[in-house]
Amino acid sequence: MGVQRLLRLRMASHSCSRPPAAALAPRAARPLSSLLLAPSPSTARPPSAPLSCAARPCRGHAHAAASASRGAAGRRPPSVAAMSSSTPPPGPVQKSEEEWQAILTPEQFNILRRKGTEYPGTGEYDKFFEEGIYKCAGCGTPLYKSSTKFNSGCGWPAFYEGLPGAIKQTPDPDGRRTEITCTACGGHLGHIFKGEGFKTPTNERHCVNSISLKFTPS
């Protein structure tokens, strides 16, 4: 009996030193690869947030950028008619802007070269009817004879025709009026109006700035 009891005590102590099978099941069921590849809680990264419009151009910005890049290559040059209507070809008298500023008064430069307009009723030749020749204040080219001047009541000197070849007519870009310039130097004179019913041989009114003219008595 003593020997059998000793054997039973040894077997009981040996069985207690091994962990139960249920405790080993969870760890044994997990593969080794999952233990090696699974990230730790401290190193896990949150999902990246979407880029904002400042960092990633939206569709509208991308379209605008593409349109701007195509602007220089895809833009059609203006037609010859549009260019000639805004900037008539220069005549035989050509000067730089600095040269015109040196020989013209500020008022003359503003009207002749910058296409300005004087206030109605303020011009020197509005109610002036002496006999002589009206010349371009910029280059001195004869433009109108005093016999073609008439009182239109518009507030600016009015002529029904200019000297042959002296006046250049150019339609404005908007098509509403026709600009008149000195053929020789391209200086701005005013505008021409047709069909207004004035009792003149041409039924035209050359509405000219007094500052654009220089009168020479006959």
Side-chain angles (χ1 to χ4, degrees), residues 77-196 198 200-218:
S79 62
V80 175
M83 293 175 63
S84 62
S85 63
S86 59
T87 306
V93 180
Q94 301 182 32
K95 298 181 183 296
S96 65
E97 184 174 358
E98 290 75 14
E99 290 175 324
W100 283 120
Q101 286 181 321
I103 64 176
L104 298 176
T105 66
E107 293 80 9
Q108 289 174 333
F109 182 81
N110 178 57
I111 292 179
L112 285 168
R113 311 316 306 179
R114 298 285 180 83
K115 304 183 186 299
T117 302
E118 65 190 9
Y119 288 103
T122 62
E124 178 183 1
Y125 303 123
D126 179 27
K127 305 297 184 181
F128 185 85
F129 293 98
E130 298 289 335
E131 292 185 2
I133 298 294
Y134 292 86
K135 300 180 180 180
C136 175
C139 65
T141 299
L143 302 176
Y144 298 98
K145 293 189 297 184
S146 61
S147 58
T148 63
K149 191 175 187 296
F150 68 100
N151 184 14
S152 66
C154 64
W156 290 274
F159 304 85
Y160 62 79
E161 68 178 359
L163 292 172
I167 310 298
K168 180 177 179 61
Q169 301 183 22
T170 307
D172 279 355
D174 58 9
R176 299 177 58 184
R177 299 184 303 178
T178 299
E179 182 190 8
I180 49 178
T181 56
C182 173
T183 302
C185 70
H188 175 75
L189 305 176
H191 290 84
I192 184 175
F193 301 91
K194 302 179 181 181
E196 293 181 319
F198 289 105
T200 60
T202 61
N203 198 14
E204 294 181 354
R205 175 171 62 94
H206 292 226
C207 185
V208 185
N209 293 282
S210 293
I211 295 178
S212 300
L213 303 173
K214 188 66 176 179
F215 177 76
T216 301
S218 57

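Because only heavy atoms are used, hydrogens play no part in the values below, and waters and symmetry mates are left out as well, while side chains stay in. These numbers were taken from a predicted model, which means no experiment stands behind them.
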*Audit row: Cys185, Arg113, side-chain contact (heavy atoms from CB on, under 4.5 Å) steps and yes/no*: CA-CA 10 Å; Cys185 70; Arg113 311 316 306 179; 4.1 Å; yes
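The local environment of CD in Gln101 is crowded, with over 12 non-hydrogen atoms from other residues, nucleotides or ligands closer than 6.0 Å.
The minimum heavy-atom distance between Ile167 and Gly162, with the atom names listed, is CG1-CA, 4.1 Å. Residues Val93 and Trp100 approach most closely at CG1-CH2, 4.3 Å, considering heavy atoms. Heavy-atom minimum distance, Lys168 versus Thr170: CE-OG1, 3.9 Å.
Note on ring orientation: taking the six-membered ring where Trp is involved, the planes of His188 and His191 are perpendicular (angle over 60°, cut-offs 30° and 60°).
With rounding to the nearest 0.5 Å, the separation of CG in Leu189 from CG in Leu112 is 7.0 Å. Rounding to the nearest 0.5 Å places OG of Ser146 at 6.5 Å from OH of Tyr134. Here the CD-OG1 distance, from Gln169 to Thr183, works out to 9.5 Å after rounding to the nearest 0.5 Å.
Without hydrogens or angle criteria, Thr181 side chain to Gly186 main chain gives no donor-acceptor distance under 3.5 Å. Put simply, the side chain of Thr178 never gets that close to the backbone of Ile192: no donor and acceptor are under 3.5 Å apart.
Side-chain contact between Glu131 and Ser218 is present, with at least one heavy-atom pair separated by less than 4.5 Å. Using a 4.5 Å heavy-atom threshold, the side chains of Pro173 and Glu179 count as separate.
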Under 3.5 Å, which donor-acceptor pairs link side chains of residues 154-161 to any protein atom two or more places apart or in another chain?
unit_1: Trp156; atom_1: NE1; unit_2: Glu118; atom_2: O; d: 3.1

Distance-only criterion, 3.5 Å: show the donor-acceptor pairs between side-chain atoms of residues 121-128 and protein atoms not counting sequence neighbours.
unit_1: Thr122; atom_1: OG1; unit_2: Tyr119; atom_2: O; d: 2.5
unit_1: Tyr125; atom_1: OH; unit_2: Phe215; atom_2: N; d: 3.1
unit_1: Lys127; atom_1: NZ; unit_2: Asn151; atom_2: OD1; d: 3.4

Taking only distance into account, with no hydrogens and no angle test, what donor-acceptor pairs under 3.5 Å do side-chain atoms of residues 137-145 form with protein atoms, sequence neighbours excluded?
unit_1: Tyr144; atom_1: OH; unit_2: His206; atom_2: ND1; d: 2.9

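When the side-chain hydrogen bond (donor to acceptor under 3.5 Å, both in side chains) test is applied to Arg176, no partner is found at least two apart in sequence or on another chain. Listed by chain and number, the residues in a side-chain hydrogen bond (donor to acceptor under 3.5 Å, both in side chains) with Glu196 are Arg205 (sequence neighbours excluded).
Screening residues 91-102 for salt bridge (Lys or Arg N to Asp or Glu O under 4.0 Å), with sequence neighbours left out, gives Glu97-Arg114.
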